[in-house]
Amino acid sequence: MKIQEVKQRFGVIGNSPLLDRAIEIAIQVAPTDMTVLITGESGTGKEVFPQIIHHLSKRKHGTLIAVNCGAIPEGTIDSELFGHEKGSFTGAHDARKGYFEVANGGTIFLDEVAELPLSTQVRLLRVLESGEFLRVGSSKVIKTDVRVVAATNVNLTQAVATGKFREDLYYRLNTVPIRVPSLRDRKEDIYLLFRKFTADFADKYKMPPIRLSDDAVVLLENYRWPGNVRQLRNIAEQMSIIEQSREIDANRLNGYLPADQGSQLPVLVDGGEESQQSFSERELLYKVLFDMKRDMTDLKKLVADLMHGGTQGQEMTAEKSQIIRRLYADEAHVPSASLHPAPVQTEDEVTHIDEHEDVTEESLSLVDKEVELIKKALEKHKGRRKKAAEELGISERTLYRKIKEYGM
């Protein structure tokens, strides 16, 4: 079956090459029994692909069961998937078949598969490897012939690295990967989808469809759409109901778009927005440290000037006073002596200081300054990392990583 025919049959809208590639893979893998892992951000429409795969396969006359793994409590997920025997736990008044038994000969779609508990992941791996499972409270092995299609918006490689997802299960599920593109990666489809949604809602609510001005179309296509197609549809419905005028300009449209906190820089493939956020925080911290270094340099010049009588008894300039005030901003008070020039000293007095006193030069290392800032923030907030992170202007996760990195 051709890609365009699949789009028409399953209601897929868009002409993006990335979307076409995902549909092409689904068409190619459908006749097989290979396990498929569908990845992509929330709201991109991942739930359509299991339908494509199932209805184009030899199992199309069997059952397709969709299971949202994140919506089932951990204590009952095993019973839901694999069934249970009568009396196996409190409330089990009768024996019950699980989804894997009911869907025998068909397909199971495990949405949000990353939410499965580790114990359930072990059971799922056994089904994928051998087609066998046990009901909860039973010792009788049951065979099933089920094709598994899984989906997640979580980075499973990171989940494996942190021990939240089994590595062997990841590789077993990821036999054929399908990546569903986000809406910002298929900008050419945004206005097309919006027109389809507004036309549907106009027909549903018996009113003329919404039309966008040219500047509104530009705004629509350049917004990042963190909620993807789901968010776009929601906004189209809001506007269709609320707006009296059917002509919408950019200013009016902007009132429906939540403030976009994301960067407009390209999103990294394997780090995503987390990497961008970490980069932004690191850049801000370095700026603060460089400002401190410059202030320390200015202070050294000022002290040298005072010690050698450079001010000649004149009042300290406002600029020099401001430098010292900034340097002592974190202290309880600004030393009064630092705000007035020292008495001009004789050459003998200066020599006496040089011979008998050790002057310790403060370290200007960025790492040392960063450690010092973190320690001060933790001491100020009595070890509360969340408050300390807010004080430093970084995320709590970044603060924890730096504490571990510096062995604090």
Side-chain angles (χ1 to χ4, degrees), residues 18-19 21-26 28-30 32-54 65-74 77-78 80-82 99-100 107-130 133 146-185 226-230 262 266-278 395 397-398 400-401:
L18 294 176
L19 179 64
R21 177 56 180 163
I23 295 175
E24 182 184 10
I25 295 174
Q28 291 176 345
V29 76
T32 73
D33 275 337
M34 300 176 73
T35 305
V36 180
L37 178 62
I38 304 168
T39 59
E41 296 179 7
S42 178
T44 53
K46 296 187 293 294
E47 65 279 357
V48 175
F49 287 84
Q51 298 179 32
I52 295 174
I53 293 170
H54 175 74
I65 296 181
V67 183
N68 188 329
C69 301
I72 304 176
E74 182 174 345
I77 185 69
D78 285 352
E80 293 290 327
L81 292 178
F82 308 108
Y99 295 134
F100 276 95
T107 305
I108 283 187
F109 171 43
L110 298 177
D111 197 8
E112 304 299 341
V113 70
E115 302 298 324
L116 286 176
L118 289 174
S119 59
T120 306
Q121 292 179 29
V122 176
R123 286 174 170 263
L124 176 58
L125 181 62
R126 182 181 180 184
V127 175
L128 294 174
E129 294 287 356
S130 63
F133 66 92
V146 174
R147 199 236 188 104
V148 174
V149 179
T152 182
N153 59 4
V154 174
N155 188 326
L156 285 184
T157 56
Q158 292 184 1
V160 168
T162 56
K164 295 181 180 179
F165 200 83
R166 291 182 62 92
E167 185 176 15
D168 46 7
L169 178 59
Y170 167 68
Y171 289 119
R172 189 64 182 80
L173 288 174
N174 200 34
T175 305
V176 178
I178 296 179
R179 173 75 181 178
V180 183
S182 63
L183 204 52
R184 61 178 169 273
D185 291 331
N228 292 290
V229 179
R230 185 183 294 121
V267 179
L268 299 179
V269 174
D270 289 326
E273 296 182 357
E274 179 183 346
S275 297
Q276 295 181 38
Q277 180 185 14
S278 177
S395 69
R397 178 170 48 195
T398 301
Y400 179 80
R401 176 170 54 78

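When reading the values below, keep in mind they use all heavy atoms of this one structure, side chains included, and skip hydrogens, waters and symmetry mates.
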>> Using the salt bridge (Lys or Arg N to Asp or Glu O under 4.0 Å) criterion, which residues pair with Arg230? Sequence neighbours excluded.
In response: none

>> Going by side chain to side chain donor-acceptor pair (under 3.5 Å), name the residues that satisfy it together with Glu80, two or more places apart in sequence or in a different chain.
In response: Arg96, Tyr99

>> Quick check for you: to the nearest 0.5 Å, what is the distance between Leu156 atom CG and Tyr171 atom OH?
In response: 11.0 Å

>> Looking at Arg147 and Ala30, would you say the former's side chain and the latter's main chain have a donor-acceptor pair under 3.5 Å?
In response: yes

> Do Val127 and Val146 come within less than 4.5 Å of each other through their side chains, counting heavy atoms only?
Replying inline: no

> Pro181 and Leu19: which non-hydrogen atoms are nearest, and at how many Å?
Replying inline: CG-N, 3.8 Å

> Donor-acceptor pair, Asn153 side chain versus Glu112 backbone, under 3.5 Å?
Replying inline: no

>> What I'd like to find out is whether the side chain of Leu128 reaches to under 4.5 Å of the side chain of Leu169, using heavy atoms alone.
In response: yes

> When the ring planes of Phe100 and Phe133 are compared, do they come out parallel, tilted or perpendicular, using 30° and 60° as the limits?
Replying inline: tilted

>> Just so I know, are the side chains of Arg123 and Leu81 near enough to count as touching, which here means a heavy-atom distance under 4.5 Å?
In response: no

> CG/Leu125 to CZ/Arg172 distance, rounded to the nearest 0.5 angstrom?
Replying inline: 8.0 Å

> Any chance CD of Glu74 has more than 12 other-residue heavy atoms, nucleotides or ligands included, within less than 6.0 Å?
Replying inline: no

> Shortest non-hydrogen contact from Ala114 to Thr152?
Replying inline: CB-OG1, 3.6 Å

Considering only distance and modelled atom types, tabulate donor-acceptor pairs under 3.5 Å from the side chains of residues 44-53, sequence neighbours left out.
{"unit_1": "Thr44", "atom_1": "OG1", "unit_2": "Glu41", "atom_2": "O", "d": "2.8"}
{"unit_1": "Lys46", "atom_1": "NZ", "unit_2": "Gly40", "atom_2": "O", "d": "3.3"}
{"unit_1": "Lys46", "atom_1": "NZ", "unit_2": "Glu41", "atom_2": "O", "d": "3.1"}

>> Is the shortest side-chain heavy-atom distance between Leu173 and Phe165 below 4.5 Å?
In response: yes

> Atom OG1 in Thr120, atom CG in Asp78: separation rounded to 0.5 Å?
Replying inline: 3.5 Å

> Where the side chain of Thr162 meets the backbone of Ala159, is there a donor-acceptor pair that is under 3.5 Å apart?
Replying inline: yes

>> Using a 3.5 Å distance criterion without hydrogens, assess whether the side chain of Asn228 forms a donor-acceptor pair with backbone atoms of Ser182.
In response: no

>> Please report the interatomic distance CD1(Ile77) to CD1(Ile72), rounded to the nearest 0.5 Å.
In response: 3.5 Å

>> Here's a test for you: under side-chain contact (heavy atoms from CB on, under 4.5 Å), which of Leu37, Val67, Ile65 qualifies with Leu110?
In response: Val67

> Can you tell me if Arg21 uses its side chain to pair, donor with acceptor, with the backbone of Arg179 under 3.5 Å?
Replying inline: no

